There are 2 protein chains.
Amino acid sequence: MKEESTQNKIKDTALSLFARKGFEGTSLSDIASGVGIKKPSLYAHFKNKEDLFLGVIYKVTVDYNEFFANEAERLNGESPENQLYYLLVKNTEYLRNDELGLIFKRMMLFPPESLREEIYQMFEKTEEVMKSVIKSILMQMDRHKDWEQVFDAYLCLLDGVFEQVFYYSPEEHQKRLENSWSLFINGVHCRTEGK
Amino acid sequence: MKEESTQNKIKDTALSLFARKGFEGTSLSDIASGVGIKKPSLYAHFKNKEDLFLGVIYKVTVDYNEFFANEAERLNGESPENQLYYLLVKNTEYLRNDELGLIFKRMMLFPPESLREEIYQMFEKTEEVMKSVIKSILMQMDRHKDWEQVFDAYLCLLDGVFEQVFYYSPEEHQKRLENSWSLFINGVHCRTEGK
DNA sequence: AGGCGATTGCCTACCGTTCGTTAGTTAGTA
DNA sequence: TACTAACTAACGAACGGTAGGCAATCGCCT
């Protein structure tokens with residue numbers, strides 16, 4: 001039951017290395033020795049380095065999509081505010097804990113030049129899912145027309161928090177998240193009341 | 001008057017390449033051919049690749065520090081709100097237009113492993129300057145104790161906008177910035193009135 | 001002012017290493 | 001028997017970096 005296939009062991013090791021050192025910064029020797037085999041043996045499982053890399057990235061996007069959709073569904077009964085809040089928190093936790101988060105971020109911001117298009121294509125679906133989930137939450141919050149402002153601001157909040165995962169300790173980061181969130185939701189309520 | 005020194009031409013070319021392709025993804029041959037000289041000639045100007053790279057990064061931090069301090073000073077007469085807003089806008093423009101912004105971001109998030117410590121050390125000053133400038137603006141806005149919440153939220157806003165520079169077209173990005181800002185400043189005012 | 005040694009800035013040629021990748025082979029398995 | 005997954009050996013290319021040479025320029029001394 002434990003016996004993980006070599007194929008998967010390669011992907012896991014590659015994921016970890018690609019996440020920490022990037023595509024160009026990771027060599028096939030590194031990966032092979034991490035797995036415990038010799039470099040040419042990798043070619044029994046993958047066509048070449050790019051193929052391996054894209055396979056890893058694909059796995060990452062699928063995992064993230066699943067995570068996000070599951071989280072969203074789990075929150076279905078909650079108030080819209082709570083949904084937004086917990087989505088923010090869960091998203092942060094995911095991005096912080098796993099190397100998945102690391103490579104996700106790296107590839108969104110600095111993909112290897114030669115693979116940029118293919119990578120962006122993979123992330124397109126992710127972005128779509130995220131946006132439609134968030135939009136539907138906002139629509140149930142208040143139905144007036146300019147939900148778009150809140151939408152943009154929430155996405156900015158997500159991105160800002162996403163970014164800060166790297167700079168700060170979990171505790172410090174949590175504090176900043178809370179503060180940013182409070183001001184955000186304050187702004188949302190203030191605006192709706194002001195109408 | 002035009003004659004730029006080779007030394008500077010190297011740094012400029014290196015900056016551009018490092019920004020777009022990263023440290024590992026950029027070769028000395030690339031740089032040399034961009035400058036119009038041969039690879040070994042680079043060694044008349046720099047000890048090695050790391051030395052060149054750190055020189056570039058140093059220049060970048062100095063330039064950014066100057067920019068930020070100047071912008072802040074130029075806004076001295078304005079209202080705190082305006083100061084915050086224009087700082088956000090100017091910062092965004094800076095990061096979008098120049099390759100300086102690109103490399104700045106890349107190095108803060110994904111520095112080459114072997115140089116991480118030195119790079120972070122360089123950015124320390126930058127962060128300090130930014131924080132003290134923003135803090136002083138907030139202090140003149142309202143003097144009650146929990147300016148820290150607004151501080152955290154503003155930094156998150158900065159980071160979020162910073163991040164989004166990459167995904168969206170300038171027009172789209174501008175729209176998102178406006179919306180995020182509106183909600184932010186809404187939240188700030190609502191909070192102070194609520195007290 | 002004029003000669004001159006040292007220095008600068010670039011060159012060609014080349015080094016050792018590591019890179020991604022291929023070829024050919026062998027041991028185990030079904 | 002045929003396939004799988006590993007191996008050893010080695011490939012050409014590209015990497016960062018060095019050695020040595022040559023022409024222009026600079027600083028200094030008479």
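Computed from heavy atoms alone, side chains included, the values below leave out hydrogens, waters and symmetry copies. Chain letters run A, B, ... following the sequence lines, proteins first and then strands; every chain starts at 1. Here the structure is a predicted model, which means the values were calculated and not measured.
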Trainee: Which residue pairs satisfy the salt bridge (Lys or Arg N to Asp or Glu O under 4.0 Å) criterion with at least one member in residues 152-172 of chain A, sequence neighbours excluded?
Mentor: D152(A)-K175(B), D152(A)-R176(B), E163(A)-K105(B), E172(A)-K175(A), E172(A)-R176(A)
Trainee: Which residues pass the side-chain contact (heavy atoms from CB on, under 4.5 Å) test with S114(A), sequence neighbours left out?
Mentor: E50(A)
Trainee: For DNA chain D, what residues of residues 30-42 of chain B have any heavy atom nearer than 4.0 Å?
Mentor: K39(B), P40(B)
Trainee: Please list, chain by chain and in numerical order, all residues satisfying side-chain hydrogen bond (donor to acceptor under 3.5 Å, both in side chains) with T126(A), sequence neighbours excluded.
Mentor: N65(A)
Trainee: Holding to side-chain contact (heavy atoms from CB on, under 4.5 Å), I want the full list of residues that pass it with A19(B), two or more places apart in sequence or in another chain.
Mentor: E99(B), L102(B), I103(B)
Trainee: Using a strict heavy-atom distance below 4.0 Å, which residues from residues 14-25 of chain A are in contact with DNA chain C?
Mentor: none
Trainee: Return the set of residues passing side-chain contact (heavy atoms from CB on, under 4.5 Å) with K38(A) (not counting sequence neighbours), or none when no residue passes.
Mentor: P40(A), S41(A)
Trainee: Kindly give the atom pairs (protein nitrogen or oxygen, nucleotide nitrogen or oxygen) under 3.5 Å for nucleotides 28-30 of chain C.
Mentor:
none

Trainee: Look at the side chain of N48(B) and decide which nucleotide, out of dC10(C), dT21(C), dG17(D), has an atom nearest to it.
Mentor: dG17(D)
Trainee: Might you list the N or O atoms of the protein lying below 3.5 Å from N or O atoms in nucleotides 20-24 of chain D, with each pair's distance?
Mentor:
none

Trainee: Rounded to the nearest angstrom, tell me the gap between atom NZ in K49(B) and atom C1' in dT17(C).
Mentor: 14 Å
Trainee: Check ring-ring contact (aromatic ring centres under 6.0 Å, His included) between F53(A) and all other residues, then give those that pass, not counting sequence neighbours.
Mentor: F18(A), F23(A)
Trainee: Going by the rule ring-ring contact (aromatic ring centres under 6.0 Å, His included), which residues pair with F166(A) if we only count those two or more places apart in sequence or in a different chain?
Mentor: F110(B)
Trainee: Would you work out how much the helix from dA1(C)-dT30(D) to dA30(C)-dT1(D) bends between its ends, with each end axis defined by five base pairs, to 10 degrees?
Mentor: 0°
